[in-house]
Amino acid sequence: MQYDQDLVDLFQDFCAHHELVYQLSPLTAQIYTYIMFNNNRDGVTFDELVERLNASKSSVSTSLNLLISNNQIEHFNKIDERKRFFRLNPNYMTLRLQIIRDVLEREHALSLRLVKCVDEGTLKANNCNKKMELYIDHLEKGKNHMSETIEKLKSTN
C-alpha cells in the first residue's frame, strides 16, 4: 500500500512528539498515533495493530495497557463480536488540559509565596521583582485561559 509522503512524515513527527511529551516508548507512541490517525467510532483491533505495526503481541498488549491506564485510549467490545476495539478517549484532551492547569496553579501559588518572602525580606531578589511580576501574571492568564478551554471542551461532548 502506497502512502502520501506528507502523511507519513506527519505520522512520524507525531510519534516523536508523543515519545517526548508523554515519555512513551517508540512502539507505544506509534500505537497511540495510529489510533489517533484512525480515530473513528469503530475503533482499531488488537490484530490490526500487531499486523500494521509489525510488532509482537506482548509488546502491543503492554503498550495498550499503558495507554488505557493513562486514559489516553479506551477499549470496548461490540455486541456481536468477542474482539476488543481501541479508540481515543473522547475526554482525554480535557484531562490533559486539567493536568497542565493544575501544574500552572501550583507554580502560581509557589511563586506568590516566593514573592511574599522577598517582600518580607526573608529572601533577596536581586532586583528581579519585575520579572517575577510578569511571570506570575503569565501564569495567572495561562491558568484562566486553560480553565476556559476546558469548559468549552466539556460542552462539546
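Computation of the quantities below employed the complete heavy-atom set of this structure, encompassing side-chain atoms and omitting hydrogens, waters and symmetry-equivalent molecules.
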Discussion item. Restricting to non-hydrogen atoms, name the atom on R101 and the atom on S147 that form the minimum distance, rounded to 0.1 Å.
Written reply: CD-OG, 3.0 Å
Worksheet entry | Side-chain donor or acceptor of Q23 paired with backbone N/O of L20 under 3.5 Å | yes
Discussion item. When you measure from the side chain of D4 to the backbone of L7, do you find a donor-acceptor pair of N or O atoms at a distance under 3.5 Å?
Written reply: yes
Discussion item. Are more than 12 heavy atoms, taken from residues, nucleotides or ligands other than N54, located less than 6.0 Å from that residue's CG atom?
Written reply: no
Item to complete: Could you please spell out the steps behind the salt bridge (charged side-chain N to carboxylate O under 4.0 Å, His left out) verdict for K141 and D137?
Response: CA-CA 6 Å; K141 288 177 182 172; D137 183 57; 3.1 Å; yes
Worksheet entry | Gap separating the OG1 atom of T45 from the CD atom of E81, nearest 0.5 angstrom | 9.0 Å
Discussion item. Would the distance check show the side chain of S61 and the main-chain N or O of K57 forming a donor-acceptor pair, the cut-off being under 3.5 Å?
Written reply: no
Discussion item. Do S59 and T62 pair up side chain to side chain, a donor and an acceptor below 3.5 Å, judged on atom types alone?
Written reply: no
Worksheet item: According to the interplanar angle, ranging from 0 to 90°, do the rings of F14 and H18 count as parallel (below 30°), tilted (30 to 60°) or perpendicular (above 60°)?
Response: tilted
Fill in: K78 to F85, cation-pi by 6.0 Å centre distance and 45° axis angle
yes
Discussion item. Could you check whether E48 and Y34, counting side-chain N and O atoms only, form a donor-acceptor pair closer than 3.5 Å?
Written reply: yes
Worksheet item: For N71, does its backbone N or O pair with a side-chain atom of N89 as donor and acceptor, under 3.5 Å?
Response: yes
Fill in: N129 side chain to E133 side chain, donor-acceptor N/O pair below 3.5 angstrom
no
Practice prompt. Report yes if the side chains of I100 and M146 come closer than 4.5 Å at any heavy-atom pair, otherwise no.
Written response: yes
Item to complete: Could you check if a side-chain atom of D9 sits within less than 4.5 angstrom of a side-chain atom of Q12, using non-hydrogen atoms only?
Response: yes
Practice prompt. Evaluate the side-chain proximity of Q72 to Y22: yes if any heavy-atom separation is below 4.5 Å, no if none is.
Written response: yes
Worksheet item: Mind checking whether T33 and F37 have side chains closer than 4.5 Å, heavy atoms only?
Response: yes
Worksheet entry | Side-chain (T156) to main-chain (L153) donor-acceptor, under 3.5 angstrom | yes
Worksheet item: Are any non-hydrogen side-chain atoms of V118 and K124 less than 4.5 angstrom apart?
Response: no
Practice prompt. Could you check L139, D102, I136 and say which one makes a side-chain contact (heavy atoms from CB on, under 4.5 Å) with E107?
Written response: L139
Worksheet item: With a 4.5 Å limit on heavy-atom distance, are the side chains of K152 and T149 in contact?
Response: no
Worksheet item: Under 3.5 Å, is there a donor-acceptor pair between the side chain of N77 and the main chain of K83?
Response: yes
Practice prompt. Over all heavy atoms of both residues, which pair between Q30 and F11 is shortest? Give the atoms and the distance, please.
Written response: O-CZ, 3.7 Å
